[in-house]
2 protein chains.
Amino acid sequence: MESKHIATSSPFSLHRGCHECNLSKLCIPIAVGAEDIDRLEEIIRQGKMLNRGEYIFEQHTPFRSCFAVRSGAIKTFTVSEEGEEQVTGFYLPGEIIGLDSVSMEKYSCSAVALERTSVCEIPLEKFEDLASDIPSLQHHFFSLMSKEIQESRQLTMLLSKNSAEERIASLLLSLSTRFSRRRLSGTNFRLPMPRSDIGNYLGLAVETVSRVITRFQNNGIIKVQGREVQILQLEELQKVLRHDTKCLEHQKESAVNGR
Amino acid sequence: MESKHIATSSPFSLHRGCHECNLSKLCIPIAVGAEDIDRLEEIIRQGKMLNRGEYIFEQHTPFRSCFAVRSGAIKTFTVSEEGEEQVTGFYLPGEIIGLDSVSMEKYSCSAVALERTSVCEIPLEKFEDLASDIPSLQHHFFSLMSKEIQESRQLTMLLSKNSAEERIASLLLSLSTRFSRRRLSGTNFRLPMPRSDIGNYLGLAVETVSRVITRFQNNGIIKVQGREVQILQLEELQKVLRHDTKCLEHQKESAVNGR
DNA sequence: CGTACAGTTGAGGAGATTCAATCATCGTGG
DNA sequence: CCACGATGATTGAATCTCCTCAACTGTACG
C-alpha cells in the first residue's frame with residue numbers, strides 16, 4: 001500500500017528536471033520546445049516533498065507561486081468566516097494548483113497533501129516574464145486556466161442538477177480517467193481522500209457517500225474495500241451519470257426476496 | 001423602463017473607443033497605460049448590437065474571441081447531450097464573457113442577450129500577441145481568468161452548502177454590488193433574467209425561486225414587482241446569506257394569526 | 001489493548017421537487 | 001384598442017431525496 005510512493009518519489013526522481021519527468025506531457029513543459037525547457041527549469045523549483053497533512057500554501061497568505069503535483073495527491077479548500085471548510089478540488093500528478101489565485105494578492109484557498117506528495121514550484125512573477133517571451137507558453141497557461149474554469153463549471157452543474165448517485169459516479173469516473181492518463185489502472189485504484197472530503201466536495205453528507213458507495217457495490221458496479229476501489233462495470237457507471245440508470249433499487253425489495 | 005437603454009447604447013456611444021467608454025475602469029483597458037490603449041482599440045471591434053434572444057456565440061463553434069459587455073445583459077449556458085440547459089453565468093456591462101474557452105478549439109458554452117445588448121469583440125489571437133508585448137495586460141488577463149475561477153468556485157460552494165433562501169439572497173446581493181460598481185442603484189434594479197434562468201443557475205426549481213422571493217417580500221426584506229426589485233433591508237439579506245437568519249417563518253402561523 | 005478516527009447502517013424529519021392549477025404580463029394581429 | 005395566445009410567475013398539495021442524529025463496526029496506531 002505504501003509501495004507506490006517509492007516508485008514516484010524516490011530521491012532520484014526528485015532532482016530530475018522537466019526533461020526527464022514522465023509527467024511533462026501533462027504538465028507545463030508540453031507547451032515549450034525542447035530548447036526552451038531549460039529556461040523553464042531555471043525558474044521552477046523541483047521536487048519539494050510534503051508529508052500527509054502538510055500545507056503547500058495557506059488561504060490568505062501572499063500569493064507567490066503555482067505548484068505542479070509530481071506525486072501523491074492534494075486537496076484544496078477554502079474556509080468561510082464561520083470556519084466551515086469547503087473542499088474545492090483534488091489534484092493528482094501532472095495537475096496544477098493555485099490557478100485560482102494567479103495575479104491575486106493572496107491565495108484564495110489552502111492546499112494540503114492527502115498523502116506523501118511532491119510538488120514543483122512555479123513562481124508566478126518569473127513565470128509571467130517567461131510567458132511573455134514564449135507565446136506558446138502564454139497560450140498554454142491561458143488554456144490551463146480556461147480548463148480550470150470549465151472544470152469548475154462542470155462541478156457546479158453536477159451539484160445543481162445531479163443526484164447523489166450521479167455525483168459519486170462522476171467523481172469515480174473522473175479519477176478513473178485521470179489515473180488512466182498517467183498509464184495507471186483506470187479500474188483499480190486507491191482513493192487518496194477520506195469519505196468526508198468526498199462528501200464535502202460533492203455537497204453530500206458523509207453518510208450519503210457511504211450509502212451510495214454501498215449501493216453501487218450491491219449492484220455489482222464496483223467493489224470497495226476501504227479506500228481501495230475496483231470498477232467492475234465502467235459502462236454502468238457512465239450510465240448512472242447520464243441519468244440512464246438508477247441504482248436505487250432500495251434494499252427493501254431485495255430483503256423481501258430473501259437475499 | 002426602456003429609458004436606460006438610451007443612455008448606454010445610443011448610436012453615438014457605440015462608436016466611441018475605449019478612451020471614452022465609462023466602463024474602461026471595469027474592463028480590459030484598466031490594465032494598460034493611456035499610450036497603449038490605442039493599440040488595444042485597434043484589435044477590439046467595438047459596439048456590436050444584439051437584440052434580446054440573439055446569440056453572441058454558440059457552444060461547439062470555433063472559438064475566436066472573448067466579448068466585453070457594454071450595455072444590456074447576457075447569459076451563458078451549456079447544453080448537455082440530453083439537451084438539458086445549464087445556465088453558467090449572467091454578465092453585466094464591464095464584464096467579460098468567453099474566458100472559459102480561451103485557448104480552446106471551440107466555445108464551451110453559448111451566450112445569448114437577455115435584453116438589447118451591445119458588446120465589444122476581443123479577438124484572442126491578436127490579443128495574445130498584444131498581451132506578450134504589454135506585461136500588465138497579460139497580468140490583468142490572468143487576473144480576470146483567475147477571478148472567473150474563483151467566482152465559479154463561489155457558486156459551487158453556494159450550491160453545495162447553502163439553502164434555497166441563501167442562494168437567492170446571494171444572487172440578489174451579487175447583482176446589487178455589480179450595479180453599484182457602475183454607479184447605478186444597488187437597491188433598485190430590474191432583473192435582466194426570468195425566474196426560470198435564476199432557478200436553473202442556482203440549481204432550484206422555478207417554483208422554489210418564486211416561493212423564496214415571495215417569502216423575502218413577506219418579511220419586508222425586498223419588494224418585488226415582476227422583474228423590478230427593491231432591496232429594503234440590505235443587512236437582513238446579508239444575514240440570510242451568513243446562515244444568521246432564516247426567513248422561513250412558514251406562512252402557516254401568520255395565517256393562523258388571521259392575515 | 002484501548003483510544004481515536006474513519007466508515008457504515010438505521011430511523012425520522014426537513015427542505016426542495018414535482019405535478020397541477022391558476023393568475024399575470026406582454027407582444028401581436030384583427 | 002382590445003382580444004388573444006403564449007410565456008412567465010405564483011400558489012397549493014403530495015412526494016421524495018437527502019440530511020441529521022445516533023449507534024455501531026472496523027481499522028490504524030501508540
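In this text, all values refer to a predicted model and were calculated from it rather than measured experimentally. Letters go in sequence order (proteins before strands), and every chain restarts at 1.
- Atom CG of Asn162(A) is separated from atom C1' of dT17(D) by 14 Å (rounded to the nearest Å).
- Using a distance-only test at 3.5 Å, with no hydrogens or angles considered, no donor-acceptor pair links the side chain of Asn200(A) to the main chain of Ser196(A).
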Expected list for residues 51-58 of chain A: side-chain donor-acceptor pairs under 3.5 angstrom, two or more places apart:
residue, atom, partner, partner atom, Å
Asn51(A), OD1, Arg116(A), NH1, 2.4
Glu54(A), OE1, Asn51(A), N, 2.6

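- Helix-axis bend for the helix from dC1(C)-dG30(D) to dG30(C)-dC1(D): the local axis fitted to the five terminal pairs at one end deviates from that at the other end by 30°, rounded to 10°.
- For Ser152(A) (side chain) and Glu148(A) (main-chain N/O), no donor-acceptor pair under 3.5 Å exists by modelled atom type.
- For the pair Glu228(A) CD and dG7(C) C1', the computed distance is 15 Å after rounding to whole Å.
- The nearest whole Å value for the distance from the CD atom in Gln225(B) to the P atom in dT25(C) is 7 Å.
- Distance CG (Leu114(A)) to P (dC5(C)): 18 Å, rounded to an integer number of Å.
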Using a cut-off of 4.0 Å between protein heavy atoms and nucleotide atoms, how would you tag nucleotides 5-11 of chain D 5' to 3' with B, S and -? ----SBB
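- In this structure, Lys161(B) atom NZ and dC18(D) atom C1' are separated by 14 Å, rounded to whole Å.
- Between the side chain of Gln217(B) and the backbone N or O of Val224(B) there is at least one donor-acceptor pair closer than 3.5 Å.
- Across all their heavy atoms, Asp100(A) and Ile149(B) have their closest contact at CB-CG2, 3.5 Å.
- Protein atom CD1 of Ile168(A) is 13 Å distant from nucleotide atom C1' of dG7(C), rounded to whole Å.
- The residue Gly203(B) sits close only to the backbone: its heavy atoms come under 4.0 Å of sugar-phosphate atoms, none of a base.
- Closest of all the heavy-atom pairs between Ser185(A) and Phe179(A) is O-CB, 3.5 Å.
- The separation between Leu204(B) atom CG and dC18(D) atom C1' is 15 Å, rounded to whole Å.
- A distance of 10.0 Å separates OG of Ser80(B) from CD of Gln154(A), quoted to the nearest 0.5 Å.
- At most 12 non-hydrogen atoms from other residues, nucleotides or ligands lie less than 6.0 angstrom from NZ of Lys239(A).
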Glu85(A) and Lys75(A): salt bridge (Lys or Arg N to Asp or Glu O under 4.0 Å), yes or no, with the steps? CA-CA 12 Å; Glu85(A) 180 174 320; Lys75(A) 79 163 174 183; 2.8 Å; yes
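- Nucleotide dG12(D) holds its P atom 12 Å from the CZ atom of Arg215(B), rounded to whole Å.
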